[in-house]
Number of protein chains: 2
Amino acid sequence: MAKAAGVSLSSVSRALNGGKNVSAKIARDVSAAASKLGYQPDFMARGLRTRSTGMVGCLVPDIANPLNATIVRAAEARLREAGYMLVVASTANDPGRERSAAGEFRGRRLDGMLVAPGSDANDTTWRELTATGTPVVIVDRDPLDEDPAVLVDHRAGAQAATRYLIGLGHRRIALLTADARMRPSRERIAGFHEAFNELNLDPGGAQLCIQASPMDFAHADTLALLRDAARPTAIIALGTRILAGTLRAARDTGLSVPDDLSVLSVGDTDLAAAHTPAITALRWSLDDVGRAAAELLLQRLRGDVDGPQSRAVLPVDLVLRESCAPPRVTSG
Amino acid sequence: MAKAAGVSLSSVSRALNGGKNVSAKIARDVSAAASKLGYQPDFMARGLRTRSTGMVGCLVPDIANPLNATIVRAAEARLREAGYMLVVASTANDPGRERSAAGEFRGRRLDGMLVAPGSDANDTTWRELTATGTPVVIVDRDPLDEDPAVLVDHRAGAQAATRYLIGLGHRRIALLTADARMRPSRERIAGFHEAFNELNLDPGGAQLCIQASPMDFAHADTLALLRDAARPTAIIALGTRILAGTLRAARDTGLSVPDDLSVLSVGDTDLAAAHTPAITALRWSLDDVGRAAAELLLQRLRGDVDGPQSRAVLPVDLVLRESCAPPRVTSG
DNA sequence: GAGGATACTGGAAACGATTTCAACAAAACA
DNA sequence: TGTTTTGTTGAAATCGTTTCCAGTATCCTC
């Protein structure tokens with residue numbers, strides 16, 4: 001390549017990297033030779049010298065979950081724009097796989113990481129794995145110290161949803177969410193309780209279910225819940241497999257939505273929007289989460305020690321549809 | 001590192017790569033020193049020398065589509081097991097982004113690629129981009145030449161679905177699928193027609209809609225379709241946004257499923273399974289697709305020029321549920 | 001026109017591994 | 001014992017870049 005352009009290696013490097021001190025002639029010759037040869041610099045060699053890989057890793061519990069996948073897509077788009085490639089690892093919430101993936105990322109010296117750990121970031125083993133000086137952005141998990149993070153205001157969302165159901169007259173409300181070791185569920189539970197507390201309502205009537213992810217479990221569990229004499233009149237369900245299980249359970253027990261049972265989805269998925277009746281849902285912008293995470297990471301990568309902000313908190317909206325109604329028999 | 005173990009660089013390399021001709025003592029010393037120092041070889045340096053990156057790229061139209069995401073997840077799991085990392089690029093079916101992503105992959109000299117191009121592989125620009133000697137596995141798209149590929153038998157699936165609906169008495173059936181430039185849709189359309197032809201039925205009664213992806217378009221289009229006097233009595237809809245749009249359109253026009261309209265989903269998603277009534281669906285294993293693609297690529301990567309097979313064809317099953325019934329008024 | 005600042009250029013030393021090759025020691029064989 | 005074979009080792013070259021440094025040409029200033 002250098003010979004093709006008839007200049008030295010150093011000049012090629014300078015010309016290609018848009019460095020200063022390059023004469024017009026050399027710049028011309030180099031770019032001509034480069035395009036004629038279809039030359040593309042070798043990332044390995046460059047990375048070896050500059051100690052940067054041009055890649056960022058993304059650790060999510062489950063890439064097949066549309067909630068995560070949409071975030072990944074948005075982040076990937078922004079990062080590619082900035083010249084980075086995105087490496088993904090889906091950890092299935094398994095601490096072992098999580099650790100091995102993080103180790104792999106570290107071994108490959110990725111420039112940065114977007115992480116949504118299964119267990120929370122407080123976890124020491126996880127902690128020490130991230131602590132290699134690699135810039136990290138936490139996505140919707142509790143950050144420690146000064147880690148930049150993108151957070152979603154699940155607490156306010158859950159509070160608004162609960163308030164809305166209470167306003168319709170519901171008193172026995174079940175919250176079906178995922179593993180409470182993770183921030184989103186914890187925040188939702190808190191918001192749920194706050195909504196009851198602010199009205200001085202007996203929280204004993206509130207029912208709270210916390211479950212692991214598998215859809216079948218959600219289904220069986222919800223069946224039992226709905227068959228109980230003191231069944232809830234409204235359910236707030238996490239809008240992926242748990243919502244699916246809930247709707248199937250309602251169908252199986254012959255309860256009609258919203259007449260016999262109000263259903264509110266946490267997260268606005270295809271399922272919620274297309275269901276008959278359409279499911280009222282809490283919605284937040286997954287694209288915004290992904291974009292914001294990428295932006296925060298890019299700030300770090302550029303070395304802006306303190307960019308505009310190192311925490312982003314995104315709002316949650318309540319989208320009213322047809323799946324919630326006053327309970328048939330007011331139980332107040 | 002070499003000094004820490006008190007041996008030469010070459011010996012360290014040999015010991016770590018499990019090469020032959022390493023004495024027990026040196027192997028012991030090296031591994032001791034390595035674990036004491038937490039030494040991890042530098043992938044950049046190693047890659048520079050061995051001309052391999054230990055990474056494979058994955059190009060999909062939309063990673064946020066659960067159908068793709070599930071495939072990616074399965075492939076990632078298998079590839080990581082084999083020591084490769086997965087780089088993803090979501091191209092939004094935009095040829096420009098597709099080209100730039102492929103160029104980026106090539107520039108980074110990834111060891112292999114899993115690709116599901118938006119337009120089909122026959123496309124020349126796409127073709128030349130993949131033709132760099134990099135092992136490529138085509139995923140559910142028409143392969144050219146001898147490219148290894150993982151294919152899903154959409155034709156047989158669509159045929160079975162159509163046959164089933166015809167058997168119920170339907171004659172006016174609409175097939176709502178995605179962009180016909182892509183193999184899955186093309187195959188489905190072919191299977192759809194074959195089902196009519198094998199019974200010598202007038203294909204004029206069959207209705208066929210082909211659409212671009214946005215859900216709103218599907219919705220509006222389906223509304224128009226359902227309001228027509230000669231509306232179809234059954235719809236076979238692609239099970240992502242198009243199915244969602246179809247169900248909303250049925251709700252909006254007051255048609256009940258399955259009494260007024262039979263609906264069959266192509267692809268078994270949460271939406272199909274949890275809807276009321278549950279939607280009869282064509283199902284194929286996305287995990288199998290991802291795993292098979294990874295396996296085929298690994299074969300190539302290992303240099304098994306001819307592994308057990310370089311094409312995998314996966315079956316499609318019809319899952320009977322409650323969304324299909326005989327048409328109210330037989331129109332034969 | 002001399003002197004110094006300024007703009008460019010190419011040679012050579014990194015970066016951190018793998019791999020070739022020659023040297024050496026120990027073992028096997030005659 | 002001398003010669004070959006075998007096994008093990010380290011020195012040095014290499015991969016393709018970036019970057020430091022010294023050298024040269026050009027320009028400006030007095």
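In what follows, chains are A, B, ... by sequence order, proteins preceding strands, each numbered from 1. Keep in mind it's a predicted model, so treat the numbers as computed, not measured.
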Heavy-atom closest pair, residues A/Leu286 and A/Thr70: CB-CG2, 3.7 Å
Within the sub-3.5 Å range, which N or O atoms of nucleotides 19-25 of chain D have a protein N or O partner, and how far apart are they?
none

Mind checking if A/Asn21 touches a base, just sugar-phosphate, or nothing, with heavy atoms under 4.0 Å? base
Side-chain N or O of A/Arg46 versus OP1/OP2 of D/dT18: is the shortest distance under 4.0 Å? yes
Out of D/dG7, C/dG10, D/dC15, which has the shortest distance to the side chain of B/Arg51? D/dC15
Nearest-neighbour nucleotide for the A/Pro41 side chain, D/dT9, C/dT9, D/dT17 considered: D/dT17
Answer yes or no: is there an ion pair linking A/Arg78 with A/Glu81, defined by an N-O contact shorter than 4.0 Å? yes
Would you call A/Arg141 and A/Asp147 a salt bridge, taking side-chain N to carboxylate O under 4.0 Å as the test? no
In whole Å, I'd like the distance from the [atom1] atom of [X] to the [atom2] atom of [N].
X: B/Arg109; N: D/dC15; atom1: CZ; atom2: C1'; value: 11 Å
X: B/Tyr39; N: C/dG16; atom1: OH; atom2: P; value: 10 Å
X: A/Arg28; N: C/dT9; atom1: CZ; atom2: P; value: 11 Å
X: B/Leu48; N: C/dA14; atom1: CG; atom2: P; value: 17 Å
X: B/Asp29; N: D/dT8; atom1: CG; atom2: P; value: 15 Å
X: B/Leu16; N: C/dG16; atom1: CG; atom2: C1'; value: 13 Å
X: A/Met44; N: C/dA17; atom1: CE; atom2: P; value: 13 Å
X: A/Arg108; N: C/dG16; atom1: CZ; atom2: C1'; value: 16 Å

[X] side, atom [atom1]; [Y] side, atom [atom2] - distance, nearest 0.5 Å:
X: B/Leu114; Y: B/Leu59; atom1: CG; atom2: CG; answer: 10.0 Å
X: B/Leu314; Y: B/Arg291; atom1: CG; atom2: CZ; answer: 10.0 Å
X: A/Leu301; Y: A/Leu296; atom1: CG; atom2: CG; answer: 11.5 Å
X: B/Arg73; Y: A/Asp62; atom1: CZ; atom2: CG; answer: 4.5 Å

